[in-house]
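To start, the structure itself, in structure tokens.
Each ligand, and each atom within it, is numbered from 1 in the order the structure gives. We number each residue from 1, following the sequence as shown.
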Amino acid sequence: MTSCKEWGFFQVINHGIDLELLERIEKVAMEFFMMPLEEKQKYPMIPGTVQGYGQAFVFSEDQKLDWCNMFALGLEPHCVRNPKLWPTKPSDFCETVEIYSREIRKLCKNLLKYIAITLSLNEDIFEEMFGVAVQAVRMNYYPACPRPDLVLGLSPHSDGSALTVLQQGKGSSIGLQILKDGKWIPVQPIPNALVINVGDTIEVLTNGRYKSVEHRAVTHKEKDRLSIVTFYAPSYEIELGPLPELVDDKNPCKYRRYNHGEYSKHYVTNKLQGKKTLEFAKIKN
Ligand SMILES: O=C(O)CCC(=O)C(=O)O
Ligand SMILES: [Fe+2]
């Protein structure tokens, strides 16, 4: 957790999730991506939205695209689900996503407790504030790329979530990188571990004690890559800003209060550009 404050991310090995489940989710994700295009296109990501199969964060015809196919689904609360986008094939896809999501949700709740404890806050502070937390999953498939020097797998960004749980596919190429002191550092996968990213929402709530991590994905010449990414965030209805307990003379308030739904909308309607979306919340002197 201490390294997390400095780095904005960490890897958990003792996450308590059955390794068989981690394998199962990878299997159904890969089976989905390996289906013929016509099959996947039955679940299209409509431009300007982030659910379904396709490429998110595309806003103009001359934008250089990332080398990545995505398939994303809203999960919780149920009102964020679009049932038309839940695939019928592979046949165990939906069931596996449901079980996986339930386990990841428990993990997120636990991790938020630990974060609260490291800040000497009531351990339930985030849970009580978040309401029914919003959860979504995004599966990213990066095919091998003949010119990795010319195109990124996923452009630099921080996640708008409170926390993100990122599972790197077994046998995938190494592709996730984080920005630290102006340098891109590859995240070496630890077998069976899950990567946890601090998202923008935790940066705001903790008044910058925890900082969201800027990260990107690179492609590989010969190997493809899969990642399964869960975003965990407060309910869209809540108003949030730095916790008063973390604001004082030495730590002046760095972010304004805002509605989380508005922030989410701002996030998904802007290109991925490092931590630029967080400008939305920053108090400028
Ligand atoms: O594929 C990865 O490792 C990064 C994915 C990611 O950052 C995202 O989906 O937000
Ligand atoms: Fe991300």
Centroid-centroid distance, Phe71 to Phe93, less than 6.0 Å
yes
Using the side chain to side chain contact (heavy atoms under 4.5 Å, CB included) criterion, which residues pair with Lys170? Sequence neighbours excluded.
Glu23, Glu26, Asn192
2.8 Å cut-off (strict), protein N, O or S atoms about the Fe ion (ligand 2):
3
When you check ligand 1 against the protein, what N or O pairs turn up below 3.5 Å? List the atom names and distances, or just say none.
| from | atom 1 | to | atom 2 | distance (Å) |
| --- | --- | --- | --- | --- |
| ligand 1 | 1 (O) | Tyr142 | OH | 2.6 |
| ligand 1 | 1 (O) | Arg225 | NH1 | 3.0 |
| ligand 1 | 1 (O) | Ser227 | OG | 2.7 |
| ligand 1 | 3 (O) | Arg225 | NH1 | 3.2 |
| ligand 1 | 3 (O) | Arg225 | NH2 | 2.8 |
| ligand 1 | 7 (O) | His157 | NE2 | 3.1 |
| ligand 1 | 7 (O) | His215 | NE2 | 2.9 |
| ligand 1 | 9 (O) | Arg138 | NE | 3.3 |
| ligand 1 | 9 (O) | Arg138 | NH2 | 3.0 |
| ligand 1 | 9 (O) | Asn140 | ND2 | 3.0 |
| ligand 1 | 10 (O) | Arg138 | NH2 | 3.0 |
| ligand 1 | 10 (O) | His157 | NE2 | 3.1 |
| ligand 1 | 10 (O) | Asp159 | OD1 | 3.3 |

Give, for atom OG of Ser101 and atom CD of Glu76, the distance between the pair rounded to the nearest 0.5 Å.
7.5 Å
Could you go through the side chain to side chain donor-acceptor pair (under 3.5 Å) check for Gln51 and Arg81 one step at a time?
CA-CA 9 Å; Gln51 290 197 48; Arg81 293 187 180 202; over 6 Å; no
Starting from the C-alpha separation in whole Å, work towards a yes-or-no answer on side chain to side chain contact (heavy atoms under 4.5 Å, CB included) for Val204 and Tyr210.
CA-CA 8 Å; Val204 170; Tyr210 280 85; over 6 Å; no
Kindly compute the distance separating OG (Ser158) from CG (Asp200), expressed to the nearest 0.5 Å.
3.5 Å
The criterion is ring-ring contact (aromatic ring centres under 6.0 Å, His included); which residues satisfy it with Tyr263, sequence neighbours excluded?
Tyr258, Phe280
Is the count of non-hydrogen atoms from other residues, nucleotides or ligands lying under 6.0 Å from Lys180 atom NZ greater than 12?
yes
Return the orientation label for the Tyr141 and Phe33 ring planes: parallel under 30°, perpendicular over 60°, tilted otherwise.
parallel
